[in-house]
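What follows is a set of notes on a single structure, which appears directly below.
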Amino acid sequence: QAQLVESGGGSVQDGGSLRLSCAASGYTASMAWFRQAPGKEREGVAALYTADNSPYYADSVKGRFTAAYDSTKNTLFLQMNRLKPEDTAMYYCAADFRIGGSFLATALWNSWGQGTQVTVTS
């Protein structure tokens, strides 16, 4: 299983931007971003296969967030623009998707990072 380390979280005002990074050690065919707000279930944000780098997004972030994988750094990025207070959450990186359902289903991902906090203030 891949070891994952997230970075780039912080506090930003409504409408601002942040860029998250997830450095992976070891090979992984798939990577994703999830988030979990206090009192809510973890939800998928974006996922991709590292070979084709074509992300699949949750409807809530389409047009605002962009995920991309850099093979030279073995790192997954998440560029978050036009952030909203409802984007406030702990953001987690995941790897090693098991085929068997939705690409953004939390239970189908095997490896997880420790998370990085994103706070959007109004």
Side-chain angles (χ1 to χ4, degrees):
Q1 292 184 346
Q3 301 297 313
L4 307 171
V5 178
E6 303 99 331
S7 61
S11 183
V12 65
Q13 288 190 329
D14 191 354
S17 298
L18 282 174
R19 188 191 193 207
L20 306 183
S21 300
C22 172
S25 61
Y27 170 77
T28 177
S30 50
M31 297 183 76
W33 287 103
F34 286 76
R35 66 186 182 184
Q36 188 168 17
K40 294 188 176 181
E41 293 188 355
R42 192 170 298 188
E43 62 175 2
V45 174
L48 55 77
Y49 287 105
T50 57
D52 65 22
N53 211 2
S54 180
Y56 177 81
Y57 297 101
D59 288 342
S60 58
V61 305
K62 282 181 182 177
R64 300 189 299 123
F65 291 11
T66 301
Y69 172 73
D70 185 335
S71 61
T72 66
K73 300 177 181 179
N74 203 17
T75 298
L76 177 68
F77 297 97
L78 185 68
Q79 178 65 44
M80 304 185 293
N81 298 327
R82 292 187 283 137
L83 282 160
K84 306 174 182 180
E86 51 262 45
D87 294 317
T88 295
M90 184 71 79
Y91 282 70
Y92 296 91
C93 180
D96 305 322
F97 176 70
R98 303 192 309 274
I99 295 175
S102 168
F103 208 12
L104 295 181
T106 305
L108 296 180
W109 291 83
N110 286 330
S111 304
W112 293 88
Q114 294 300 306
T116 185
Q117 178 68 37
V118 171
T119 302
V120 185
T121 58
S122 57

Let me check something: any side-chain donor-acceptor pairs from residues 88-96 under 3.5 Å, sequence neighbours excluded? List them with distances.
{"residue": "T88", "atom": "OG1", "partner": "P85", "partner atom": "O", "Å": "2.9"}
{"residue": "T88", "atom": "OG1", "partner": "V120", "partner atom": "N", "Å": "2.9"}
{"residue": "T88", "atom": "OG1", "partner": "V120", "partner atom": "O", "Å": "3.4"}
{"residue": "Y91", "atom": "OH", "partner": "R35", "partner atom": "NH1", "Å": "3.0"}
{"residue": "Y91", "atom": "OH", "partner": "D87", "partner atom": "O", "Å": "2.7"}
{"residue": "D96", "atom": "OD1", "partner": "T28", "partner atom": "OG1", "Å": "3.1"}
{"residue": "D96", "atom": "OD2", "partner": "A2", "partner atom": "N", "Å": "3.3"}
{"residue": "D96", "atom": "OD2", "partner": "S111", "partner atom": "OG", "Å": "2.7"}

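V45 and M31 fall within a single hydrophobic cluster, where Ile, Leu, Val, Met, Phe, Trp and Tyr side chains are chained together by heavy-atom contacts under 4.5 Å. No continuous path of hydrophobic side-chain contacts links L48 to F97 [ILVMFWY only; heavy atoms under 4.5 Å]. Hydrophobic clustering, with ILVMFWY side chains joined whenever heavy atoms are under 4.5 angstrom apart, groups L4 together with W33.
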Trace of the side chain to side chain contact (heavy atoms under 4.5 Å, CB included) decision for Y69 with N74: CA-CA 7 Å; Y69 172 73; N74 203 17; 2.6 Å; yes

Stepwise side chain to side chain contact (heavy atoms under 4.5 Å, CB included) check, E43 with L104: CA-CA 7 Å; E43 62 175 2; L104 295 181; over 6 Å; no

Side chain to side chain contact (heavy atoms under 4.5 Å, CB included) between W112 and R42, worked out: CA-CA 12 Å; W112 293 88; R42 192 170 298 188; 3.2 Å; yes

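Under a cut-off of 6.0 angstrom, the local environment of OH in Y56 is sparse, with at most 12 non-hydrogen atoms contributed by other residues, nucleotides or ligands.
Residues that satisfy the ring pair (Phe, Tyr, Trp, His ring centres under 6.0 Å) test with Y49, not counting sequence neighbours, are F103. For Y57, there are no side chain to side chain donor-acceptor pair (under 3.5 Å) partners at least two apart in sequence or on another chain. Qualifying ring pair (Phe, Tyr, Trp, His ring centres under 6.0 Å) partners for F65, counting only residues two or more places apart in sequence or in other chains: none.
Through direct or indirect side-chain contacts shorter than 4.5 Å among Ile, Leu, Val, Met, Phe, Trp and Tyr, V5 is connected to no other residue.
Listed by first then second residue, pairs satisfying side-chain hydrogen bond (donor to acceptor under 3.5 Å, both in side chains) with a partner in residues 2-18 read S17-N81, not counting sequence neighbours.
When atom types are taken as modelled, the side chain of S54 and the backbone of D52 share no donor-acceptor pair closer than 3.5 angstrom.
Closest of all the heavy-atom pairs between A32 and A47 is CB-CB, 3.7 Å.
For the atom pair OG1 of T66 and CE of M80, the computed distance is 11.0 Å after rounding to the nearest 0.5 Å. Atoms CG and OG1, on L83 and T121 in that order, are 10.5 Å from each other to the nearest 0.5 Å. For the atom pair CH2 (W109) and CD (Q1), the distance works out to 13.0 Å, reported to the nearest 0.5 Å.
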